[in-house]
Structure formats: C-alpha cells, structure tokens
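Chain A is the first sequence line, chain B the second, and so forth, proteins listed ahead of strands; every chain is numbered from 1.
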Amino acid sequence: MFIVEMQSITKRFGDLLANDHVNFELRKGEIHALLGENGAGKTTLMRVLYGLYHPDSGVIKVKDRPVVIHSPKDAIQLGIGMVTQHFALVPPLTVAENVVLGYQNSFVLNQAQIEESVAEAARRFGVEINPKAIVRHLSVGQRQRVEILKALYRNAEILILDEPTAVLIPQEVEALFETLNHLKQEGLSVVFISHKLHEVTQITDRITVLRDGRVVGTVNTTEVTQKEVAAMMVGRETFGVSRIDTDTSDPKPVLEIIDLCANDDKNLPVLKNISFAVSEGEILGIAGVGGNGQKELAETICGVRRPTAGKVLVEGQDVTGKSPSDLTRAGLGRIPEDRHEGMVIHLTVTENLVLEHLDEFTRNGMLDHKAIRQYADDLIQKFQIKAKPNDITRTLSGGNMQKVLLARVLARNPKVIIAPQPTRGLDIGATDYVRQQLLEQRQRGAAILLISEDLDEILALSDRIAVMYEGEIVGTLPASEATPERLGLLMSGAVKEH
Amino acid sequence: MEVFIVNLIAATFRVSTPIVLAAIGETYSERAGILNLGIEGIMYFGAFVGFLIADKSGSLWVGLLFAILAGVLFGLLMGFFTVTLGVNQHVSGLGITLLLSGLTLFMFRLFYGGRSTPPSIPSFQVIKVLPDNPILGPILSQYWLTYVTFLVIVPLAWWILYRTNFGLKIRSVGENPEAVDAAGVSVPAIRYAALGIGGGLMAAGGAFLSLFQLGAFTHGIISGRGWVAIAIVIFGNWQPIRVMLGGLIFGGTFALQLRLQAMGLQLPVPYETFLALPYIVTIIALVIAGRNASYPAALLKPYRRE
Ligand SMILES: Nc1ncnc2c1ncn2[C@@H]1O[C@H](COP(=O)(O)OP(=O)(O)OP(=O)(O)O)[C@@H](O)[C@H]1O
Ligand SMILES: [Mg+2]
C-alpha cells in the first residue's frame, strides 16, 4: 500500500537539526504535497530519499523492503527519480544526451539511437520535447520536462518534484499538472513540494506539513482549507500585508524611463520604447506573463544590459549605460532576480553583506574586520536573518538568502529600488516579510519598481500598475481601478489601454 | 625555397608532437573540470623517468612505459588533492609542478651527479615513408610517436569525448557535476579517470623530448612547453581537433624561428626576438580566440554534496 515509508528520519548539519524524527509515507499512485516554510527541511528529507544525503538515523522502506540508499545510483535502481530545486542539467548538451547521461552501459554513444529512444520515451509518457535540442536554448518549462523525462526514462515509479512550479509561467504549470495527472493514472507516485497553496489544493491527494524539521501532520487534501494548511505551516492564520494609501498630490518623479529599447541575448528587440516614471514614495507594479521582457527591463535599468535607445534618469540625472556600481552610487538599489547570481554563495553571510561596499570598511588599505562584523551583526538582527554571521551562504534556506540580499540593498536607503520577483520561491511567512519591507521603504520615500508575475502581489503592493506584453507597456492603471480581470485581459495581449 | 618549406613542414610536426600530446592531456582534465597546472612538472618528470629507465634497462620502450605510468600516477595525485581533499586547483597544480621539478633535480643528482656533460642514450629513430619522394619523403619521415599522436591520439580524444558514454560523462562533469551526481554517476570516479589519462599523455609529451628528439636529458628540456599547452587548450576551445591545430601553429612558428636564426640573417633586432616569436604568436592567438572561449562551466570549482 505504501510505496515509500520513511520512519523517524533524523538529519543534522553541524548543530542544526534539519530533519527531526520525520515520518513520511507515500502511497502508490498518489500525489503527495510536502509543505513547510523556508528551511523547514523539505528538500533535506527528499535528498535523503534520493541518496544525496545520508540520514543520521531512521529507516527507509521502499515497497515494504528496508533499504539503505548510499547514492542517487541506488535510488534510481529502486525506481526513485528526483527533479531538484535547481535543475541538474548540462546546458551545452542535447536533450537526449542529458536524458541518457549515466544510464547507458554501452561504451559507444550512438547519437541517432539515443535520440530515437528518448523520442520514443517522450511519446510514451506524453512529454512534449525535441531530443535534438540543446538544453541551453530551452525555456525553463521545457527544461523541467527534460528533468521529468530523465526520471521517467530511468523507469521511475516514484517522482520527487522540488518546487517544480516556482519558475514556471501559468500556462506551463497547467501543462505540468496535465502531465502529472496522466502519469498518476499510469501508477506513478509523486512527491510535490511547493509554496503555492492553491496549486497544492488543486493537484495533490494528501499533504504532509513540516515545521522546523518536524512533521506537524498529514491530511487529506479534500478535507482541509488553504487557511488551515497555512496555519499548520506557520502556526498562525492571518496573512497578507496592508498598504496605507498615501496622498501625494505633488509627486516628484525619481526614476524616469524614456523610450527605452534593448535587445535580448539573441539580439532580437525585447524592449520596445518603454516609458514610465516612478515617484517618491510610490510603488509601480509591472505585471505580465513571464518572458515578455520583464527580466530584460530590470537588467537594462540596472546597467547589466546595454540599451539600444532611450534614457534612464534618476532624480533627473542621466544614468543610461552606467555601470552597476555607478548606479549604486547614484542611489539605485537592485534586489537581484536570481538569488544565486546575486550573491557569492561560497562566501559567508557577513562577506555577502558587505561585498558591494568594501571600500567603506577599508582603513589604510586593510579591511576593518571589527567594523564589518558589527555591521553584519546589526543587519542580521534588524532583518531577522536566521543565520550566523560566519555561515556559508550556500547553506541558507531560500527565505534567508533573500533576507541577506534585502538587507544588503535596503541598508543603503536607496532612492530607487528595483525588485524583480522579490518573493519567488519564498514561503508565506517570508513573502509577507519581504512585502512588508518594501512597503516600509515606500513609506520612507523610496521609488519602487516591483516586477512580478504574481498578480496577487502586484495588487497587494502597487500604487499604479503597468502591464507588459511582448516588450511593450500595453496599459497603466491606478491600483484603485485595477481588477484581476482587467489586468488579465491586458496581460494576454487582447487589449491595449493607454 | 621548396626545400625550405618541406623541411619546415616536417619540423612543424616534430616540434608540435610533445605540445599536442600534453595539450590533449590537459583537454581531458579541463573537460572534467580540473585545471591541471601540474602539467609542466609532469612533462619534466616524464622526460626524466623515461630517460632514466631507458638508460638503466636498455629499452626505450620500457622507459616510455614508465614515463606514462608516472604521469598517470601524478595525474591521480592531482585528483587526490582537488577531488578528494577539495584543495584549490591552482595551488595543487603548481604544487605538483614544484614538487616534480625538485624531485627530478634530486633524482638526477642521485643517478648522474657530478657529470659535466648531459648523459645521452641512442634514441628512437625516425620512420622513413616514401624516402625517394622529394616532397613527401622528408615530411613523412617522422618518429612513430608523432604518427600515433596525430593519427590516433587526437582523433581518439575527439571520438572518446563526443562519441562515447564515458566522454559524455567527462563533458558533463566539467559543466555541471550536480547533474552527473544526480544521474547516479560518481563525480570523483570520472574526474580521477580524466586526470589519469591526462597525466599519462603529459608525461608522454615530456618523454618524447628525451627519448625521441634528443636522446638525452637536460634541465631545460621542457622550458615552458607545459604552459604553452595550457594556452593552446584555451585557444582550441577545449576541442581536440582545434587544440591540435593550435599545437601546429605553435610548432610551426617555433620551427620557423629556428630556421630564421640558423640562416643568420642580419636583422636589426636581437636574436632573442626570434626565440620569443612562438610565444608572441601564442599570446596573440590566445587573445583573439580567448574572447569567445567557452570555458567548461565547472572548471576550478570543487564539488561537494553537503
Ligand atoms: N548542505 C547543508 N549544509 C548545512 N545546512 C544545510 C544544508 N542544506 C540545508 N541546510 C539547512 O537545513 C535546513 C533545512 O533546509 P532545506 O533546504 O531542507 O529547507 P526547505 O524546506 O527545502 O526550504 P526552502 O523552502 O527554502 O527550499 C535549513 O536551515 C538549511 O539552512
Ligand atoms: Mg527546498
């Protein structure tokens, strides 16, 4: 009846208890959600099941047989497949090469044969993908399909998906759910980790909630509400932030974008004459389906991507084409979209906190370690970062990494804040925290550009909302007039409002 | 003029052989994500061990075999430092080069101390193919290892990297070791294998100088060829065939430079300028090619699960 039983699993990292006597049972043919705040231990538990971590104690049974899983190789042999939070693909290789990697016994690699067999598997499992495509050229959604196919190709009967929807656009999520439901009919058992409660209630059969490394409980999805699940996760029922309407009768534009154009990595136009202004104490939300130029917009404003035309002004001063460090000095703060790119994950929390302004902690050409330590301690306390100053950033949970980034940017009191996808991958508690911080910055008088694919987030925070579609702003609405329906129409490109 | 060019081409292949061997060895290592700066030391040690064993055993073949074994061994030692212990790759590589330079000098003293002239042995002889053809004759009269290098080792490296599952794993481990690990393949095993093969080839490159070209061992026998090989790997964009072309360009300028010197041209520049020529060409080639270089993404990065 249970295809996997994990009994009393304990896993420590140093003196941190990531999993504390966790019991977890997966039924055959079910989709089972694993929920919990950032750092609750979800990924750790699944990495134990996949042989990437070794538990300090506990028993794992697969199909009623006790097993010891030393490495992913053992896990694969037991029919377990895992799609990790950060994809484990080799970008320069083809889809077929990625899928067969490590799963062929022959010495010779026959391209035609592997492409054929991968195409065959894709058909059989209903996963749409071109085996000859180079992974580097694939969209995130397609890459995920490669990962899933990789697991299924290895005859996985148990599929672990670690936050599979965090990086997907709504259409891709729908496609994924269709695939999962189809595979479930065929008898596949799925562990589904996500922070999005509406997805969990839509797709899963049962839910197990972790908090601080311990199991809070396992429930049938049909028998609980989203509110109840949220309460299990964080121990409180109310969520959300509230924005106080401020009346700025005489708004002073701080960030002005004038006819900005830019090209994407393939040198095709991706921003087409973008113009808008963000005033002091205002949040301008940029809504839109992912991939319509939002990422490039943030990059261009922040000096990472070169504009082909147009201007960026901060307080009337032309900063077009300036380097990111010049922009920081001009008062622009950027919360990087990809947490792993925004930080040096092999350095400590302290080092990451001071990284961008080491010059201020330099005395006579030497780093002033005492001052650095003091500064880091202050920020860790102020931003409630659950980490010690000397922890290596790589080992932090997603929420705490984001707090480090926020602390680094916000501690400078920037005049302009660019926040692309600031809560992606964060649990509800951390999400509230980040949103609250942005609102406080707005109260302080910062001009904030919020770029988000999450309409709820846009609606909860923005004073005005602009919608991007295919590299253009297709409409700008004051928050009071914006409804999800109206925004949805704009986002789909069906109408334009100027 | 014709004779000049024919001889130049013949010399190009000869001069390129040790560089191409070492560069292909380095290609294996770097494709697996490990920059092996031990290359210079391993070539040096290979040249010496090959010579020593050949001298003592009386067999050039045995000498070459031991040189290669020594290379494999120190390639694996590089693996122990960087893969197992996770030591910084620059430090480990330079450490191995320093260690082997010292060890070679020490052993040289031990076995040949006190001699004023460098010891020498009868070396491998060139194979003559079509000796009567005025053009192909000189070009094709090469050492057997030159033939093996260009006709077997280079194409084989290409074939292994791109047409075998082992090669797929090497390329993957140099790009994204997490992916290889998650696919159930041992990252250390692949890296050790690549480093072992690489070390063997580097040592063979060194032994080519002592057992084929010179029939002797001198202290300056490698004189930076290992570092040149590293540059050539970048120039060749980590692809065996292009790496070979890079080796030939270097070898060609080197051979040309030798001939220009020998011609005793009265030029208003000191003769050291000629000596520097191949290195200058390497640097220029590197600057041009290096801008589009697509480094193996995981190069220099140690891999740890926890
Ligand atoms: N390799 C590691 N070394 C040290 N600590 C680690 C390591 N991996 C995870 N941790 C710690 O273990 C705890 C649980 O982490 P885990 O990644 O399992 O959380 P999670 O529930 O998956 O969170 P998220 O929702 O952010 O992905 C965290 O406090 C994290 O910092
Ligand atoms: Mg996780």
Would you name the heavy atoms of Ala88(A) and Ala182(B) that are closest together and state the gap between them?
CB-CB, 4.0 Å

With chain A, which of Ile160(B), Val185(B), Asp181(B) has the greatest number of heavy-atom pairs at distances under 4.5 Å?
Asp181(B)

Partner of Val90(A) by side chain to side chain contact (heavy atoms under 4.5 Å, CB included), out of Arg171(B), Glu178(B), Glu175(B):
Glu175(B)

Part of Glu147(A) lying under 4.5 Å from any heavy atom of chain B:
neither

Give a yes or no on whether Asp212(A) atom CG has more than 12 heavy-atom contacts from other residues, nucleotides or ligands under 6.0 Å away.
no

Shortest non-hydrogen contact from Arg154(A) toward Ala183(B)
NH2-CB, 3.7 Å

Spatial distance of atom OG (Ser172(B)) from atom CD (Glu97(A)) [nearest 0.5 Å]:
7.5 Å

What do you reckon, is CZ of Phe66(B) surrounded by more than 12 foreign heavy atoms closer than 6.0 Å?
no

With rounding to the nearest 0.5 Å, note down the distance linking CG in Asn98(A) to CG in Leu168(B).
8.0 Å

Is the shortest heavy-atom distance from the side chain of Pro72(A) to the side chain of Arg305(B) under 4.5 Å?
yes

Could you look at Ser106(A) and say if it's the side chain, the backbone, both or neither that has a heavy atom under 4.5 Å from chain B?
both

Taking atom CZ of Arg124(A) as the centre, does the number of heavy atoms from other residues, nucleotides or ligands within less than 6.0 Å exceed 12?
yes

With rounding to the nearest 0.5 angstrom, report the CG to CG distance, Leu101(A) to Asn176(B).
9.5 Å

Phe107(A) versus chain B, heavy atoms under 4.5 Å apart: side chain, backbone, both or neither?
both

